[in-house]
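The structure under discussion appears below in the form of structure tokens.
Positions are given from 1 along the sequence. Read the numbers this way: they start at 1 and go in the same order the structure lists the ligands and their atoms.
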Amino acid sequence: MALSSSFSSLCFSIIVALSLFLVLTGPTGSAHKLHKSFYRNTCPKLFPIVRSVVQSVVSKQPVLGAGLLRLFFHDCFVHGCDASILLDDTSTFTGEKTAGPNNGSVRGYEVIDEIKSKVEAACPGIVSCADIVYIAARDSVVLLGGPYWKVKLGRRDSKTAFFRLAESGVLPPGFSNLSNLVSTFKDQGLSIRDMVALSGQSSDQGKGKKFGQA
Ligand SMILES: *[C@@H]1O[C@H](CO)[C@@H](O)[C@H](O)[C@H]1NC(C)=O
């Protein structure tokens, strides 16, 4: 039961990751230029560090692989992939962690913290958390048997969080049904055709199963 729901969640997450990959790397993407060798000279150990932490975590708890992927798209759907989901409440803003679709159900924060501290030890002040979240999501997909893709890097971290946006319906809630998911995808510029094409492998997408509770 837990296993099957984590797998349907993983399938869904892979679709979303691929969709985001298409959207985020498209020609109309971010204002500054993302590049796959962004940290080649400044943090050459970045990829091995992320991979080794993700590998050790996912080998013990595969469900956290799906969790890292969900953390990634819950970051990206709210004001872009800027790591705003990682920010705790401060005196000036409320973090996104307690927004309805995230509260108590987004997992993997501690994995990102562990990666971040190792990356900081190797190359202080260089790599954004947003990029770490993205690489960790990609590595999770690969470790769980999904496709590999080259990540483009150079995202900047947000200094504030977007609690109200996270609550506004841009994120599919844990109990999303198909029509709800379709409209969430549409809001991100993804058509039903994209979604169906990308979900061709996953026959239970159309049966109103519960998603997202990795
Ligand atoms: C988040 O979940 C906790 C525990 O269920 C609950 O007490 C809290 O009110 C929730 N926060 C928000 C903002 O809904």
Side-chain angles (χ1 to χ4, degrees), residues 1-17 19-20 24 53-54 57-58 60-117 128-134 136-137 140-141 144 155-190 204-205 207-214:
M1 175 64 203
L3 195 68
S4 100
S5 107
S6 90
F7 269 89
S8 87
S9 165
L10 175 64
C11 293
F12 172 57
S13 298
I14 288 173
I15 295 157
V16 174
S19 310
L20 280 171
L24 300 174
V53 175
V54 173
V57 165
V58 171
K60 287 176 221 134
Q61 278 185 279
V63 71
L64 271 180
L68 286 169
L69 200 44
R70 183 161 178 262
L71 187 151
F72 164 65
F73 74 80
H74 278 222
D75 179 35
C76 294
F77 273 24
V78 177
H79 204 259
C81 310
D82 58 0
S84 56
I85 194 171
L86 302 178
L87 298 171
D88 289 318
D89 297 354
T90 69
S91 55
T92 53
F93 63 80
T94 305
E96 294 161 28
K97 289 179 177 175
T98 54
N102 298 338
N103 196 8
S105 71
V106 167
R107 300 177 56 182
Y109 298 113
E110 69 292 345
V111 182
I112 301 300
D113 287 346
E114 185 185 341
I115 297 170
K116 177 69 173 167
S117 71
S128 68
C129 290
D131 284 337
I132 288 175
V133 167
Y134 190 19
S140 298
V141 171
L144 294 169
R155 287 166 194 79
R156 303 215 176 91
D157 291 340
S158 176
K159 296 198 172 3
T160 189
F162 307 89
F163 177 84
R164 289 178 63 186
L165 188 57
E167 290 241 308
S168 69
V170 293
L171 288 169
F175 48 85
S176 275
N177 59 24
L178 186 66
S179 63
N180 193 320
L181 284 173
V182 168
S183 68
T184 309
F185 272 70
K186 266 189 176 163
D187 293 343
Q188 300 295 328
L190 298 163
D204 58 17
Q205 295 295 319
K207 294 178 187 160
K209 279 206 167 185
K210 288 189 177 189
F211 292 108
Q213 287 174 330

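Although no hydrogens or angles enter the test, the distance criterion places no donor-acceptor pair under 3.5 Å between the side chain of Asp75 and the main chain of Cys81. Under the 3.5 Å distance criterion, the side-chain polar atoms of Ser158 are left unmatched by any main-chain donor or acceptor of Ala161.
Closest to atom 13 (C) of ligand 1 among all protein heavy atoms lies Thr98 O, 3.3 Å. Given atom 5 (O) of ligand 1, the protein heavy atom at minimum distance is Asn103 ND2, 4.8 Å.
The only option from Leu71, Val57, Val54 that meets the side chain to side chain contact (heavy atoms under 4.5 Å, CB included) definition with Leu64 turns out to be Val57.
Shown here, atom 11 (N) of ligand 1 is in close reach of the protein: a heavy atom of it lies under 4.0 Å off. Put simply, atom 2 (O) of ligand 1 has protein non-hydrogen atoms near it, under 4.0 Å away.
Between Asp82 and Phe162, the closest side-chain pair of non-hydrogen atoms falls below 4.5 Å.
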